[in-house]
Amino acid sequence: MSTTTVEEPTEVAAAPEPFWTRQRRFGVALVLLGGLAAVLFGSLAPSKDARFTLTQDADGAAISINGQLGAVLFGVLAVVAGGLLVAGLLKRWSNTLLVIGIVTFVLSFLCWQVAGQFMSLEDTLSGTMDLALPLVLGALAGVLGERSGVVNVAIEGQFLMGAFAGALIGTMAGSVWAGLISAAIGGVIIAAILAVLSIRYLVDQTVVGIVLNLFALGITGFLYERLMQPDAVKYNAPPQMPTVKIPGLADIPVVGPVFFDATPLLWIALILVVVIHFGLNRTRWGLRTRAVGEHPTAADTVGIRVRGLRYLNVLLGGVVAGLGGAYFTLVATGSFTKNMTAGAGFIALAALIFGRYTPIGAFGAALFFGFAQKLAFYLSAINSPVPNQFLSMLPYLATIIAVAGLVGRVRAPAADGIPYVKS
Amino acid sequence: MLWIVHQAFPTSGEIPLKLELRGITKRFGDLVANDHIDITVEPGEVHALLGENGAGKSTLMNQLYGLLQPDEGQIVVNDEPQVFRSPRDAIASGIGMVHQHFMLVPVFTVAENIALGAEETRGGPLGWLDRRRARRDVIETSKKFGLPVDPDALIEDLPVGAQQRVEIVKALTRDVDLLILDEPTAVLTPQETDELLAVMRSLTEMGKSIVFITHKLKEVKKIADRITVVRRGKIVGTASPDTSEDELAALMVGRAVSLEVAKGPADPGRAVLQVSGLVVDDDRGIRAVDGVDLEVRAGEVLGIAGVQGNGQTELVEAVMGLREVRAGTVELDGEGLAGMSTKKILRSGVGYVPEDRSHDGVVKEFSVAENLVLDMYDREPFGNAFRLDVAKVAGNAKERVEQFDIRTQSAASAVGTLSGGNQQKVVIAREMSRPLRLFIASQPTRGVDVGSIEFIHGQIIHERDQGTAVLVVSSELDEVVGLADRIAVMYRGRILAVVSPDTPREEIGLLMAGITGGNEEKK
Ligand SMILES: Nc1ncnc2c1ncn2[C@@H]1O[C@H](COP(=O)(O)OP(=O)(O)OP(=O)(O)O)[C@@H](O)[C@H]1O
Ligand SMILES: [Mg+2]
């Protein structure tokens, strides 16, 4: 009997990839947008200098460029970035190219708008961080809950509760730190109701979330009118969180004053992004949290307490969202007013989804939304012809685009929103 | 020593575990899935649990493992009654389980899945996961037990056989005194099965006990020390391993079962499926089918034999339009199928039983009735693009459930609540209940009990005799030999030979190992 071994499979022509990859589609969009920018923004922009100052005011060090030239130049750069994506060159850098394309498009727009005026980079960055701060905390709260399988649409309610509790207790105790802790507890109260109703009593999680938002709005509004308004000095004048300056670092232009002469809440938020990122990806708690969010039965069979872990995460999320609520009364304004969060919790939810349920992604999305909002303020301040409502719409538009799958697939944890039941 | 001790799982250690189940009863609504079951598992024995699909074997084991709570009865470990509120409690008593339906997180790597629940960390419970150690443990265990797994692969990218190995390795890395194996061999190759049986032997020699569930009587006879047979939730008898296969089968099903496929000679007609020069890649882009030519004629069964992983899966998927054809042609009655959608292929008279039923075959949340019309819901007589005729769907379900003996509480029950074998019968029933030109079945009787195998084989032969071309892929050589009129042996993406089913087993076995003799008709 002869023995023949079969030779290794021979190579045939390389596999044809589908032509319209994600990169190519983005590339086309960038080419169109960049072209539009170069032509439209370029022709609309006056041929005056656009000054981007490093400090808060019009004087001092600045980067300037002729507005018309800048609008055309950056538009063309966006086209180039898009073109490279379509051509499929520099494949390894496709994400970088995408970012460059978007940034240059924004710059082209700015050159048009700022021509003949000035824009303070420090002010823009600090405004962006201010607006993004509660969004970051809210989105992180969402990450904690949803990665373990509990949908949290009650971020708005947690914000309101946190803001209210922070103002009330902060004023009564005369301490901003007491206020901060109370804000966290306020968030936890909403989280606890969410947890018990959805994990123990299996009520639909989205419905519970909506009801909790209404509940928070109602109760804080009621107490505001009955308690705070009649005697604001006693109940609604919380001390403000001090900014802490780190000598040396605070002198770095643009970045220094924003990050190193800042409230501790900003640092808390930044630290939480890092901690939750590494926690989820590198620790036992994170591995188990993700397992419980993806396949709770599998987690159960290896001895993980599914419901216990979900409770823990939802409550931790309550702490984080409550801190986000503290921003409104202890950092941004000096008092609580009815419905003062005005939908920020929903934008945080959008940031969570846009950021693909990851801490870093949510952080980036929150920054992006904060920037859009800041830009809207700036445009109305310089009496721009562009209606700033367009920019206020951006977070929602971006989220719709994200959810519609144009930015690649946004995949929620497989067991997100599904209670774990055993018979 | 063979055994890897993991500190994370406290066990009773040296004391061997003696298990008694006393009067365990479990009801799902009106259905009594377990009816006062008494079983004793002695230390160091392999206790086989035999029974039809839906007899209640998995349900019983799930209660022992704490996933389900018994309505009545007691679990007694070393003479102490225990209440297992969750698997956590069962694990603490030294019990481990390999589940019939895999308990693996699809988006995790193999190493992450195996470590989950018993993770090693550096710097206390809040410290970093020790990923290097997790990988090393996986590699070591898999080497020791001869069950190859890649620690870095994502579960969702793995074929079922590999997932099964991961499940077994996962159970083996945990130090348990009693191991429950719920149909671990259904998707393993014969070699892997032999490895597993050897592992089981070495475990029992160390005083550990094993509850082993399988539908393959040969395995039971090879490994079991004692056999308990359940039927419709009740224990109907015990047997010793030297009981004959026919007797065991009869005891399980309650009637005599023929283990041979009864069929007359084939009467092959026109060539219905013609595949030539087919080249297909697997998920990782590696060539899986490398120039295959084959032909299936009307009224004949072509069986494909081969060790799993030699391209059979990819071949069938390419024919069904589920996988890109790199080169070559696939023709159905002379019409090219390349580029056609799977839906269209199904509608042009092709029946398809996929190899991974839980992933590709059924929608677990849908009812049995809905699953039975999954590919026809928008066509007459069940409805059209705008409406679904619920009464017709229900009527169809009633017929199929009876005809295929699908054990379900009602046709409205979710398929996910059916036993594994009954889910398989739902797929077969659906695919065989419309006029077909070509019927393709991958592992058609995976996880199905002997009585139902007899029935399904009968149906396949009936389909053949009606003039349908049938292509059967199975890693069970017995099944291929029993069903096929011609056998194509596949090895490393190629058809090594096409032989008649009368060819000696040894010769086919050698072909499956890639060794060609020289006297068979070359294709
Ligand atoms: N969660 C559930 N809800 C309702 N019925 C169920 C549930 N789980 C199992 N059953 C029913 O209990 C019976 C026993 O199922 P079980 O899975 O224990 O069978 P099995 O002996 O393991 O069969 P197989 O060999 O096919 O795996 C079946 O009729 C099944 O439909
Ligand atoms: Mg079972």
Side-chain angles (χ1 to χ4, degrees), chain A residues 1-18 147-149 275 278-309 312 356-358 409 411-416 418 420-423, chain B residues 8-9 26 28 65-69 85-92 97 99 101-108 112-121 125-129 131 170 174 279 281 285-291 311 324 326-327 491-494 496 510 514-519:
Chain A
M1 186 179 263
S2 70
T3 307
T4 49
T5 32
V6 178
E7 69 272 29
E8 287 301 307
T10 44
E11 280 303 313
V12 182
E17 242 182 54
R147 289 304 283 271
S148 69
V275 167
F278 283 106
L280 270 182
N281 293 307
R282 304 289 291 275
T283 69
R284 174 186 291 182
W285 163 79
L287 189 73
R288 293 183 173 192
T289 294
R290 288 183 286 135
V292 161
E294 292 286 346
H295 195 332
T297 317
D300 192 1
T301 58
V302 293
I304 295 169
R305 291 191 183 94
V306 174
R307 291 161 167 226
L309 197 52
L312 175 72
R356 300 180 181 204
Y357 300 89
T358 64
R409 208 159 45 115
R411 208 187 130 279
D416 203 8
I418 304 165
Y420 186 57
V421 248
K422 305 213 282 183
S423 44
Chain B
F9 271 77
K26 180 74 188 174
F28 296 109
Y65 196 60
L67 266 175
L68 293 172
Q69 313 307 314
R85 250 172 267 102
S86 74
R88 214 182 153 77
D89 300 338
I91 292 166
M97 177 162 177
H99 301 265
H101 294 118
F102 305 140
M103 293 299 174
L104 299 169
V105 182
V107 296
F108 281 12
E112 284 173 330
N113 266 290
I114 290 175
L116 190 68
E119 309 88 347
E120 297 287 340
T121 56
L126 288 177
W128 286 160
L129 286 174
R131 296 200 261 195
K170 184 169 109 182
R174 289 150 158 84
V279 176
D281 290 348
I286 297 169
R287 186 103 320 146
V289 177
D290 193 15
E324 207 176 332
R326 288 273 178 262
Y491 178 75
R492 293 220 192 159
R494 297 192 174 180
L496 279 196
L510 286 175
I515 301 161
T516 52
N519 51 354

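Letters A, B, ... are given to chains in the order of the sequence lines, protein chains preceding strands, and every chain is numbered from 1.
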Quiz item: What distance separates A:H295 NE2 from B:F108 CZ, expressed to the nearest 0.5 Å?
Solution: 11.0 Å
Quiz prompt | B:L116 CG to A:I304 CD1 distance, which is reported to the nearest 0.5 Å | solution = 4.0 Å
Quiz item: Between A:T301, A:T283, A:N281, A:V306, which has the largest tally of heavy atom pairs under 4.5 Å with chain B?
Solution: A:T301
Quiz item: Which heavy atom of A:D300 sits nearest a heavy atom of B:S86, and at what distance?
Solution: OD1-CB, 4.1 Å
Quiz prompt | Shortest non-hydrogen contact from B:E119 toward A:R284 | solution =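 Of all heavy-atom pairs spanning B:E119 and A:R284, the closest is O-NH2, 2.8 Å.
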Exercise. Could you walk me through whether B:R174 and A:V302 pass side-chain contact (heavy atoms from CB on, under 4.5 Å), step by step?
Key: CA-CA 10 Å; B:R174 289 150 158 84; A:V302 293; 3.7 Å; yes
Quiz item: Do you know which of B:G127, B:G285, B:G291, B:A90 has the most heavy-atom pairs with chain A at a distance under 4.5 angstrom?
Solution: B:G127
Practice problem: Would you confirm whether A:R288, through its side chain, and B:G117, through its main-chain N or O, come within 3.5 Å as a donor-acceptor pair? | Solution: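 The answer is yes, because a donor-acceptor pair under 3.5 Å joins these two groups.
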Quiz item: How far apart are the C-alpha atoms of B:H101 and A:T297, what are their side-chain angles, what is the distance that settles it, and do they pass the side-chain contact (heavy atoms from CB on, under 4.5 Å) test?
Solution: CA-CA 11 Å; B:H101 294 118; A:T297 317; over 6 Å; no
Quiz item: Got more than 12 heavy atoms from elsewhere within 6.0 Å of CZ, A:R305?
Solution: no
Practice problem: Using side chain to side chain contact (heavy atoms under 4.5 Å, CB included) as the criterion, list what pairs up with A:I418, not counting sequence neighbours. | Solution: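 Once residues adjacent in sequence are excluded, A:I418 has no partner under the side chain to side chain contact (heavy atoms under 4.5 Å, CB included) criterion.
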